[in-house]
Amino acid sequence: MDQIKSQISAIDPLAQEPEAEINGEEALARMLTGPRVFSDTVPAGVISLQDRRKRKVRITGALLLGAAAVTAGVLVAANFGPVSSTPAPAVTVTTPEPTPTPSMSATPSASASVTPSGAATSVTPTQPAPAIVPTVAPTPTPTAPPVAALQKFTFPDGHISFNYPSGWTVRTEQGPYLSEETKAASQAATILDSAGDKVAFVSSGFYGDGTAGRVDRTVLDRAVVPGVRDMSDQQVEFGFFSNKIQFIPYDGPAYEGMPSARSGPSDDPPIYAMDIRLSSELEPGITSSGTNLIRMPNGFMNAYVVFDPDKQPTFATPEAAKAWMGSTQYSQLKALLLSVSYK
């Protein structure tokens, strides 16, 4: 502030005037008693009006410059500290290069922050935050259930074949025939599981016969058998279903062996069946019980699952039948029937 005061004093016109003060009374006496001489010049030691106005202007300007200088000094001191003639030491800013890290989150880059202090300006680099790499648990690979090895059986004439699980056995026997010419082609195969129980039956070269009735059929499962089509090229399907026997109305005279006048479902439990047959013989609802005989070039064939005849009904409830569909035995028997093929 001393330098600013010195600059203001240097331009003050009052500081250039003589230190001796003018005696006002003496000057007034001279004006009253002295000769009246009019002149445009101002006596020595008297400041003219014009000079006084100039002096006021110079003082006002000096005060404004001083005030501006003081304000500037305060702002500089507030932002950069006290003014010093000694230069501040040089500051070197080093920005660390971020190291790329495999991560699912972006790595923040380094940034510098300026911290004002009383001595010198310092730059503090901000260290990059460590990358967070999430731990991903390995996805367990689902383990497929073990598939039992399969064996293949082919009838002696080489036309019909099927696959069955290893550990099961096939027992063949002579099938029914109408003449000696058809005897050799008529064969029956009974399939036994690993416990020796009869579980399925497949025939080849049979002759066809049978009867049918009226039923209410509920189909639980069905699928096309790709290896078999009958003589008229109709599609063959695997099916698991139940038949509820229906009464056939009869209006004729009553006698033994003929249908009764009753109609609707019988009192007997439903009959469950699992076989392959023509798609037209597997329609749900009120229909004919149909047949599972399929006419092939070498005679009639049929293939079906053998349920225990002493256990009636085969399943206590429809829910029990559906639950059996999730068993290993069901999958094995279904695969056997779907594998039946003719060539």
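Fair warning: this is a prediction, and the values are worked out from it, not measured in the lab.
Under a 4.5 Å side-chain heavy-atom cut-off, the cluster of Ile, Leu, Val, Met, Phe, Trp and Tyr residues that includes Leu178 is completed by Tyr207. The hydrophobic cluster containing Val219 also includes Phe241, Leu282, under a criterion of side-chain heavy atoms closer than 4.5 Å among ILVMFWY residues, counted directly or through chains of members.
Among residues two or more places apart in sequence or in another chain, the salt bridge (charged side-chain N to carboxylate O under 4.0 Å, His left out) test is passed with Asp275 by Arg277. When the side-chain contact (heavy atoms from CB on, under 4.5 Å) test is applied to Gln312, the partners found at least two apart in sequence or on another chain are Thr314. With sequence neighbours left out, Pro318 forms a side-chain contact (heavy atoms from CB on, under 4.5 Å) with Tyr272. Annotation: side-chain contact (heavy atoms from CB on, under 4.5 Å) contacts of Ala212 (sequence neighbours excluded): Ser288, Ser289.
Between Glu283 and Ser280, the closest heavy-atom pair is CG-O, 3.8 Å. Across all their heavy atoms, Pro313 and Pro269 have their closest contact at CB-CB, 3.9 Å. Closest approach of Met301 to Val228, counting heavy atoms only: SD-CG1, 4.4 Å. Counting all heavy atoms, side chain and backbone alike, Leu293 lies closest to Gly208 at CD1-CA, 3.9 Å. Closest of all the heavy-atom pairs between Phe240 and Ala321 is CE2-O, 4.0 Å. Residues Gln187 and Pro156 share a closest heavy-atom pair of CG-CD, 4.1 Å.
Here the side chain of Gln246 pairs a donor or acceptor atom with the backbone of Lys244 at under 3.5 angstrom. Remark: side-chain polar atoms of Thr190 are not paired, donor with acceptor, to backbone N or O of Phe201 under 3.5 angstrom.
Sorted by first then second residue, the salt bridge (Lys or Arg N to Asp or Glu O under 4.0 Å) pairs that include residues 164-186, not counting sequence neighbours, number zero. Annotation: salt bridge (Lys or Arg N to Asp or Glu O under 4.0 Å) contacts involving residues 198-223, sequence neighbours excluded, comprise Asp221-Lys334, Arg222-Glu237. The stretch residues 156-184 participates, sequence neighbours left out, in these ring-ring contact (aromatic ring centres under 6.0 Å, His included) pairs: Phe153-Phe162, His159-Tyr342. Screening residues 296-311 for side-chain hydrogen bond (donor to acceptor under 3.5 Å, both in side chains) gives Asp157-Asn298, Ser203-Asn302, Ser204-Asn298 as the qualifying pairs, with residues at least two apart or on separate chains. Among pairs with a residue in residues 223-236, those fulfilling salt bridge (Lys or Arg N to Asp or Glu O under 4.0 Å) read Arg229-Asp233, at least two apart in sequence or across chains. Note on residues 317-327: no pairs pass salt bridge (Lys or Arg N to Asp or Glu O under 4.0 Å), not counting sequence neighbours.
You'll find the side chain of Leu336 reaches within 4.5 Å of the side chain of Ile191, heavy atoms only. You'll find the side chain of Ile271 reaches within 4.5 Å of the side chain of Ile245, heavy atoms only. The side-chain heavy atoms of Val305 and Val199, taken from C-beta on, include no pair separated by under 4.5 Å.
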_From CA spacing to verdict: side-chain contact (heavy atoms from CB on, under 4.5 Å), Gln235, Val224_ = CA-CA 7 Å; Gln235 180 175 272; Val224 174; 3.7 Å; yes
*Under the side-chain contact (heavy atoms from CB on, under 4.5 Å) criterion, do Ile294 and Ile276 qualify, and how do the steps go?*
CA-CA 9 Å; Ile294 304 171; Ile276 63 174; 4.2 Å; yes
_Verdict with reasoning, Gln329 to Ser327, per side chain to side chain donor-acceptor pair (under 3.5 Å)_ = CA-CA 5 Å; Gln329 185 187 45; Ser327 67; 5.2 Å; no
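Below 30°, between 30° and 60°, or above 60°: for Phe315 and Trp324 the angle between ring planes is between 30° and 60°, a tilted geometry.
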